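A short write-up of the structure that comes next.
First the proteins, then the strands, lettered A, B, ... as listed; each starts at 1. Small disclaimer: the values here were computed from a predicted structure and weren't measured.
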Number of protein chains: 2
Amino acid sequence: MNMKEFSLTTGLTSHTVRYYEKIGLLKNIERTKSGHRIFSHADVIWVEFITRLKDTGMPLKQIQQYAELREQGDHTATDRMLLLEDHAATLEARLALETQHLKKLHDKIAYYKTLISS
Amino acid sequence: MNMKEFSLTTGLTSHTVRYYEKIGLLKNIERTKSGHRIFSHADVIWVEFITRLKDTGMPLKQIQQYAELREQGDHTATDRMLLLEDHAATLEARLALETQHLKKLHDKIAYYKTLISS
DNA sequence: GTACAAGTTAGAGTCCACTCTAAGTCAATT
DNA sequence: AATTGACTTAGAGTGGACTCTAACTTGTAC
């Protein structure tokens, strides 16, 4: 899979893909003898996972750490799990907070409603 | 209430407070005749509301719009309500997505657990 | 009245996550 | 063989939201 296809499949621009490689999120991407990148299905899966972490607010720095561990092989599984557990806890806390915020927002909206109809 | 007190109460640094004033989130802050700002309780409430919106991911630009409407008085209540309703909907959608992401994260963690214990 | 902490301004710097540019090479099509 | 589009690199630029600096003035405590 070439750059075009990969960027279409993952939804990242080619710029972003190269950026991700530069900062170490993507490692060991194959190359043609002329230097063009060749992406595999595994790369797609991995980027999808990166995107998921990103969408839950994990900073790229932390995703990098995960990538680092991942590259070091199976013996880092526990560390990776701990990292994910940590993030899951963060996410849960944020969800709780956001739910609260949302409730207050609805209260305010309700208040506006009475204000308007009066 | 002077700058120090205000920044302690709201949790914003004085730099951020001045920045918020500069970009129009805080308006009509009183001044002593020597130019120092005097904040009121209403300012605290308002900043808390700004913080709430910010914490739910509303960009400052949009909060500015709200501030603008707010300054124009009661006849903008409907507009403000619509803005909040819009944001509430956005937030709800994001919460739903994040909940899904969290679930997948837990799945992955569970997978790591079986991997490790095997 | 003298320290010195806290306030003021305009504007520069920082961090994150891209996003784009320039200058050049490679691949596919006619 | 020539055009066109996609690829490569290093590095500059962007936008959001601060965060800090410099140079100066004011307020408070002794």
Side-chain angles (χ1 to χ4, degrees), chain A residues 1-40 43-44 46-68 87 90-91 94 101, chain B residues 1-40 43-44 46-68 87 90-91 94 101:
Chain A
M1 187 184 294
N2 64 11
M3 178 57 95
K4 183 90 188 275
E5 252 181 295
F6 187 69
S7 97
L8 282 176
T9 325
T10 59
L12 302 179
T13 68
S14 54
H15 292 299
T16 304
V17 172
R18 282 189 280 264
Y19 169 69
Y20 278 8
E21 193 185 29
K22 187 159 63 181
I23 67 171
L25 289 188
L26 294 171
K27 287 162 191 274
N28 313 317
I29 302 298
E30 244 189 293
R31 301 281 183 135
T32 62
K33 62 182 177 310
S34 60
H36 288 199
R37 291 172 187 78
I38 306 168
F39 300 93
S40 69
D43 295 326
V44 173
W46 171 230
V47 163
E48 277 166 1
F49 185 60
I50 289 175
T51 302
R52 182 182 307 289
L53 291 179
K54 214 167 52 65
D55 284 356
T56 55
M58 191 187 275
L60 295 190
K61 272 243 174 79
Q62 211 174 333
I63 303 179
Q64 256 172 61
Q65 279 173 39
Y66 186 94
E68 199 61 50
H87 181 57
T90 306
L91 186 51
R94 218 185 51 236
H101 283 321
Chain B
M1 187 182 291
N2 64 12
M3 177 58 95
K4 183 92 188 276
E5 252 181 293
F6 188 69
S7 97
L8 282 176
T9 327
T10 58
L12 302 179
T13 69
S14 53
H15 293 298
T16 305
V17 172
R18 283 190 279 264
Y19 169 68
Y20 277 9
E21 193 185 31
K22 186 159 64 180
I23 67 170
L25 289 188
L26 294 171
K27 288 163 191 272
N28 312 317
I29 302 298
E30 244 189 293
R31 300 282 182 135
T32 63
K33 62 181 177 308
S34 60
H36 288 199
R37 289 172 187 79
I38 306 167
F39 300 94
S40 69
D43 295 327
V44 174
W46 171 231
V47 163
E48 276 166 2
F49 185 60
I50 289 177
T51 302
R52 182 182 306 290
L53 291 178
K54 213 168 50 67
D55 284 356
T56 53
M58 192 189 273
L60 295 190
K61 272 246 174 77
Q62 212 173 332
I63 303 180
Q64 255 172 63
Q65 280 173 39
Y66 186 93
E68 198 61 50
H87 181 57
T90 307
L91 186 50
R94 220 187 46 238
H101 284 320

### 5' to 3' contact window, DNA chain D with chain A (heavy-atom distance under 4.0 Å)
D:dA6 to D:dG11
#### Entry: Stretch residues 1-19 of chain B: residues that reach within less than 4.0 Å of DNA chain D through a heavy atom
B:H15, B:T16, B:Y19
### Message
Please determine whether side chain to side chain contact (heavy atoms under 4.5 Å, CB included) holds for the pair B:I29 and B:D43, giving the CA-CA distance in whole Å, both sets of side-chain angles, and the decisive distance to 0.1 Å.
### Response
CA-CA 8 Å; B:I29 302 298; B:D43 295 327; 3.8 Å; yes
#### Entry: Residue pairs passing the salt bridge (Lys or Arg N to Asp or Glu O under 4.0 Å) test where at least one lies in residues 4-22 of chain A, sequence neighbours excluded
A:E21-A:R31, A:E21-A:R37
### Query
Separation of A:I63 atom CD1 from C:dC16 atom P, in whole Å?
13 Å
Per-pair distances, 0.1 Å, donor-acceptor, side chain in residues 52-59 of chain A, under 3.5 Å, sequence neighbours excluded:
{"unit_1": "A:R52", "atom_1": "NH1", "unit_2": "B:H101", "atom_2": "ND1", "d": "2.9"}
{"unit_1": "A:T56", "atom_1": "OG1", "unit_2": "A:R52", "atom_2": "O", "d": "3.3"}
{"unit_1": "A:T56", "atom_1": "OG1", "unit_2": "A:L53", "atom_2": "O", "d": "2.7"}
{"unit_1": "A:T56", "atom_1": "OG1", "unit_2": "A:H87", "atom_2": "NE2", "d": "2.8"}

### Query
Which pair of heavy atoms, one from A:S14 and one from A:S7, lies closest together, and at what distance?
N-CB, 4.0 Å
### Task
Could you tell me which non-hydrogen atom of B:A67 sits nearest to which non-hydrogen atom of B:G24, and how far apart they are?
CB-O, 3.8 Å
### Task
Go through the structure and list residues passing side chain to side chain donor-acceptor pair (under 3.5 Å) with A:Q62, not counting sequence neighbours.
none
### Task
Start with the C-alpha distance between B:F39 and B:V44, add both sets of side-chain angles, then the distance that settles side chain to side chain contact (heavy atoms under 4.5 Å, CB included), and finish with yes or no.
CA-CA 8 Å; B:F39 300 94; B:V44 174; 5.8 Å; no
### Message
As a quick check of understanding, evaluate side chain to side chain contact (heavy atoms under 4.5 Å, CB included) for B:H36 and B:N2, giving each step before the final call.
### Response
CA-CA 8 Å; B:H36 288 199; B:N2 64 12; over 6 Å; no
### Task
Describe, in one word, how the ring planes of B:Y66 and B:W46 are oriented to each other, choosing from parallel (under 30°), tilted (30 to 60°) and perpendicular (over 60°).
parallel
### Query
Between C:dT14 atom P and A:K61 atom NZ, what is the distance in whole Å?
14 Å
### Query
Can you name the closest pair of heavy atoms from B:Y20 and B:L60 and give their distance?
CE1-CD1, 4.0 Å
### Task
Check each residue of residues 28-40 of chain B for a non-hydrogen atom within less than 4.0 Å of any atom in DNA chain D, then write out the ones that pass by number, or none.
B:S34, B:H36
